[in-house]
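A quick write-up on the structure given underneath.
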Amino acid sequence: MAAPRLGSPTALDIVDGVDLTGKTCVITGASAGLGRESARALATTGAHVILAARKVAALRDAQDWIRSEVPAASMSVVELDLTSLASVRTAAAVVRDLAPQIHVLMNNAGVMFTPFGRTADGFEIHFGTNHLGHYALTRLLTPHLAEGGRIVILSSDGHRMSDVDLDDPNWERREYDKFAAYGASKTANVLHMVDLDRRLRDRGVRAYAVHPGVVATSLARHMKRDDFERLTRLEPADPDQERIDVRHDFLMPEHGAATQVWAAVSPELADTGSVYLADCRIRDDVAPYALDEEHAAELSSLSERLCA
Ligand SMILES: NC(=O)c1ccc[n+]([C@@H]2O[C@H](COP(=O)([O-])OP(=O)(O)OC[C@H]3O[C@@H](n4cnc5c(N)ncnc54)[C@H](OP(=O)(O)O)[C@@H]3O)[C@@H](O)[C@H]2O)c1
């Protein structure tokens with residue numbers, strides 16, 4: 001395996017000198033990996049950080065770890081299962097009680113390459129967890145986003161593996177392919193970001209999509225040995241895009257979380273939105289289908305219907 005990449009900034013480097021006292025950041029998937037690391041970094045800014053995920057015990061462990069590193073951290077824990085719209089509604093109500101105004105909403109939680117399965121509401125697991133659960137949560141929290149607020153959505157260069165099929169988003173009429181299912185959900189994440197930024201920028205709320213790099217977390221828990229090899233042989237859905245290469249240097253979470261934290265706090269992005277970020281900069285090597293505003297609006301209408 002390649003060596004960890006050193007030399008890139010950590011999430012803690014990004015928040016050095018940043019003061020978010022009095023502000024609230026909501027992070028989904030904050031019990032592990034990139035979400036937990038982002039929570040630690042944002043806690044150092046004085047912000048109230050709301051950690052959301054499925055397993056409350058894991059969230060409490062994350063909270064204890066962050067407090068051991070940042071004794072003054074202000075945190076709350078909210079149970080959220082993105083595979084259940086009922087759970088999303090309950091979690092959103094708890095978040096609204098905790099924080100009348102939200103300054104950063106970081107839609108970070110995710111699953112990858114899972115065996116075929118459906119959520120409580122019948123959605124395919126990747127599309128349901130990575131996109132629709134976040135779509136529903138964001139819709140419920142949008143009225144509470146402060147002016148100057150930011151929505152940071154974790155996507156992936158894996159979006160290049162597949163566009164989202166609006167005629168069969170839940171894999172009811174095709175043979176299931178875990179690579180395409182993850183890729184489609186990560187394309188949906190970028191499209192969601194495009195539509196949110198278009199709709200909310202006049203209110204002073206901007207949205208960003210992030211590829212964190214290839215990061216050593218538990219996300220790959222469903223991968224088998226030959227999946228790594230298969231991944232490198234996959235043709236991208238758009239022929240002008242590069243292939244996915246997971247064999248290059250991987251990042252540790254403290255470095256991997258840098259770009260999403262940069263998206264949340266960087267003054268450089270204050271007048272920008274609807275962009276795809278990686279390595280703490282705006283990147284333009286995005287599959288065109290992921291940035292198409294019309295496609296984004298269509299996905300939004302579909303998501304609205306499915307989450308009604
Ligand atoms: N790691 C990488 O190389 C990489 C590359 C590109 C993109 N990303 C993206 O980065 C994001 C974070 O990934 P990670 O690497 O930090 O993964 P991770 O270590 O596996 O953490 C995933 C987090 O999501 C939560 N989660 C999963 N299913 C959930 C559900 N149904 N409801 C609520 N929370 C749920 C998990 O908590 P519980 O299951 O305990 O609730 C956990 O906190 C993902 O969106 C991923 O697609 C990661």
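Values below: every heavy atom of this structure, side chains too, minus hydrogens, waters and symmetry copies. Both counts, for ligands and for their atoms, begin at 1 and track the order of listing.
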Problem set entry | Among S156, G29, S155, closest by any non-hydrogen atom to atom 9 (C) of ligand 1 | S155
Exercise. Do any nitrogen or oxygen atoms of P212 lie less than 3.5 angstrom from nitrogen or oxygen atoms of ligand 1?
Worked result: no
Exercise. With a 4.0 Å cut-off on heavy atoms, is F250 touching ligand 1?
Worked result: no
For this session: With heavy atoms under 4.0 Å as the rule, classify the contact between N108 and ligand 1 as side chain, backbone, both or neither.
Result: both
For this session: Check each of L59, T129, L219 against atom 20 (O) of ligand 1 and report the one with the nearest heavy atom.
Result: L219
For this session: Identify which of R54, H222, E37, M112 has a heavy atom lying nearest to atom 41 (O) of ligand 1.
Result: R54
For this session: Of the side chain and backbone of R36, name the one, both, or neither that has a heavy atom under 4.0 Å from an atom of ligand 1.
Result: neither
Problem set entry | Heavy-atom proximity to atom 3 (O) of ligand 1, best of V215, V88, N189 | V215
Problem set entry | Mode of A52 contact toward ligand 1 - side chain, backbone, both, neither (heavy atoms, under 4.0 Å) | neither
Problem set entry | Part of A58 within contact of ligand 1 (heavy atoms, under 4.0 Å) | neither
For this session: Give a yes/no on ligand 1: does G213 have at least one heavy atom closer than 4.0 angstrom to it?
Result: yes
For this session: Report yes or no: does Q260 have a heavy atom closer than 4.0 Å to ligand 1?
Result: no
For this session: Answer yes or no: is there a donor N or O on one side and an acceptor on the other, between the side chain of R67 and the main chain of A73, under 3.5 Å?
Result: yes
Exercise. Just checking, is any N or O donor in the side chain of H192 or N107 under 3.5 Å from an acceptor N or O on the other one?
Worked result: no
Problem set entry | Residue pair R139, E304: steps toward the side chain to side chain contact (heavy atoms under 4.5 Å, CB included) verdict | CA-CA 9 Å; R139 186 180 56 171; E304 193 66 34; 2.9 Å; yes
For this session: May I ask you to identify, for T83, whether its side chain, its backbone, both or neither come under 4.0 Å of ligand 1 on a heavy-atom basis?
Result: both
Exercise. Can we say D157 and R283 salt-bridge, meaning some charged N sits less than 4.0 Å from an Asp/Glu carboxylate O?
Worked result: yes
